[in-house]
There are 2 protein chains.
Amino acid sequence: MSTPAGTRRRADAVRNRQLALDAATALMAEPDASLTVEVIARKAGLGAATVVRAFGCKDALLDAAVSRLLDPVVRRARELIAETTPTRALHVFLRELIAFQAAHHAINDQLGGLDLPATTALRADLVRAVEEMIDGARHEGTVRTDIDPAVTTTLLGETALAVARAQPSCPELVEAYLTVLLDGLRPR
Amino acid sequence: MSTPAGTRRRADAVRNRQLALDAATALMAEPDASLTVEVIARKAGLGAATVVRAFGCKDALLDAAVSRLLDPVVRRARELIAETTPTRALHVFLRELIAFQAAHHAINDQLGGLDLPATTALRADLVRAVEEMIDGARHEGTVRTDIDPAVTTTLLGETALAVARAQPSCPELVEAYLTVLLDGLRPR
DNA sequence: GGATAAGTGAAATACACGTTCCATTTATTA
DNA sequence: TAATAAATGGAACGTGTATTTCACTTATCC
C-alpha cells in the first residue's frame, strides 16, 4: 500500500524525500523559522515543487516531520514507565517533555489548526503514557485523588506546554513550575 | 496631537471609527472568528477601506480593540487590591482572568507576533498588579517565598492563559488548576 | 442652498502563500 | 548506448490577505 504500486520509484526521489524531511525537521528546532515550502525546499537544496510532490501536500510533510520528532518522546515515556516508579517517571518525563517542547516550539506554535493524522495519533499515545504515570503515582500516594486522572493529565499537558513556550524569556520558570505543580499535586 | 491638526474631522468619520472598533471588539469574543479587515468591515456595515483608514492600518485597529477589552480587566485588578486582602484578591482575580481569557481567546491566539503598543502597555500594568497581589500574599504567609516574585507572576500568567485556552474542551480544568496551583504556591 | 473639503467603498494593486504545469533532465533497464 | 518512464524546478496559477486608488457622495460652514 506504501510500496511500488504499478511502476518503480526512482532512487533520487526517495533520497530527496528524505532531504525534505530532514530540512523540515531541522527547521522545527529553529525558533522563528517560517516553515514555508519555499524555505524548507531551499534548506533541502530542492525546488518547492519537488518537496510538495514528495509528500502530496505541505501538511503531509509537516505531519511526517513532527511525527519523527515526537516518536522518540513517546518511546522515552514508555521506557521510563518500564524502568522506574510511576512517581519518578512522571517527574523525570515532565522535565524532559518541557525541554523538548522548548527546543521545538514551532511544533506547538505554527501548527495550530492543522489536521496531522500521524501527529495526532502520537499525541494520543503520549497522553495515554502520562495517564499511566499519574495512575501509578496515585497508587503510590504521591498524587492527589480528588481530581479526575484525565483532567490531571490535561492540566499537566497544557501547563507544561505553556511553560515551555515562555521558557526562553524566563529560564527559572521551569524549576518554579515543577516545584509548584508537583507540590500542588500531592495529596493534602 | 490626536485632535484636529490643520483641518476638521467629520462627525461620520468619528462614528464609523467607533463602529469598526465595536465590530472588532465583538468579533474577539466569537471563537473561530477570522478577524480579517473584510469580516470586521462587514460586521460594522462599512467598506474595508473605511475601516483601515480610520486606524491607519489593521494592527492599530486590533491594538485599540484589545486595549478596550483589557482595560476593565486591569481596573478590576486594582479594585480588588484596594478592596480586599492580597490573598483574596489573587484568588478572585485569577479565576476572573481565566474566565476573561476563555471568553476572548482570539486575543491570545490570533495576535501572536504582532506589535500592539497600547496592548503591551496594559499587559505590563496587569503584570504589575498581579505582582503586588503576590507580594502582599507572601507577607500574609499564603504564598511561598522560595520562588522569585517575578517568576511566580510569570508562572501564573502563562499557565492561566494555557488553562483558559484549553477550557472549552475540558471545563473541569479551571477548578483543578486553581486547586493545584494555589496549593502548590502555599509555603511548605 | 452652494462651495468645498472630507469621507466613502468597489475595484485595483500588492504580496505571500500552496499548488500545478510542462519543457528539460536524469535514473533505470535492456 | 539507446529507449523509456520518472523526476525535477522555474514559472504560472489560484487564493486569501492588507492596502491604495479614485470617481462619487456627503457633512460642514458660509
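Protein chains get the first letters and strands the later ones, always in sequence-line order, with residue 1 at the start of each.
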Does A/Asn16 put a side-chain nitrogen or oxygen below 4.0 Å from OP1 or OP2 of D/dT8? yes
I want to check one thing: is the phosphate of D/dG9, taken as OP1 and OP2, less than 4.0 Å away from some side-chain N or O of A/Thr50? yes
For a quick check, tell me whether the side chain of A/Arg10 and the base of C/dA27 share a donor-acceptor pair closer than 3.5 Å. no
Look at the side chain of A/Arg53 against the base of D/dG9 and say whether a donor-acceptor pair falls under 3.5 Å; ignore hydrogens and angles. yes
Of all the nucleotides listed (C/dT20, C/dA27, D/dA18), which has the minimum atom distance to the side chain of A/Val52? C/dT20
So, do B/His91 and B/Leu178 sit near enough that their side-chain heavy atoms are less than 4.5 Å apart? no
Indicate yes or no: at least one non-hydrogen side-chain atom of B/Asp183 is less than 4.5 angstrom from one of A/Arg144. yes
Here the gap from A/Leu70 atom CG to A/Asp125 atom CG, rounded to the nearest 0.5 Å, amounts to 9.0 Å
To the nearest angstrom, how far is [X] atom [atom1] from [N] atom [atom2]?
| X | N | atom1 | atom2 | value |
| --- | --- | --- | --- | --- |
| A/Gln110 | C/dG18 | CD | P | 10 Å |
| A/Glu38 | C/dC15 | CD | P | 16 Å |
| B/Asp115 | D/dA18 | CG | P | 17 Å |
| A/Asp12 | C/dT25 | CG | C1' | 10 Å |
| A/Leu61 | C/dT19 | CG | C1' | 14 Å |
| A/Lys58 | D/dT15 | NZ | C1' | 14 Å |
| A/Arg15 | D/dA6 | CZ | P | 18 Å |
| A/Leu114 | C/dC17 | CG | P | 15 Å |

Let me spell it out: for each of A/Gly56 and A/Thr36, pick the nucleotide of DNA chain C with the closest heavy atom. Which residue's pick is nearer the 5' end? A/Thr36
Just checking B/Ala49: base, sugar-phosphate only, or nothing, at a heavy-atom cut-off of under 4.0 Å? base
Which part of the nucleic acid does B/Ala13 contact within heavy-atom distance under 4.0 Å: base, sugar-phosphate only, or nothing? sugar-phosphate
Let me know, please, whether B/Cys57 or A/Leu46 comes out on the 5' side of the other along DNA chain D by nearest nucleotide. A/Leu46
Between A/Arg128 and A/Glu131, is there a salt bridge with N-O shorter than 4.0 Å? no
Step by step, would you call A/Thr159 with B/Tyr177 a side chain to side chain donor-acceptor pair (under 3.5 Å)? CA-CA 9 Å; A/Thr159 53; B/Tyr177 169 73; over 6 Å; no
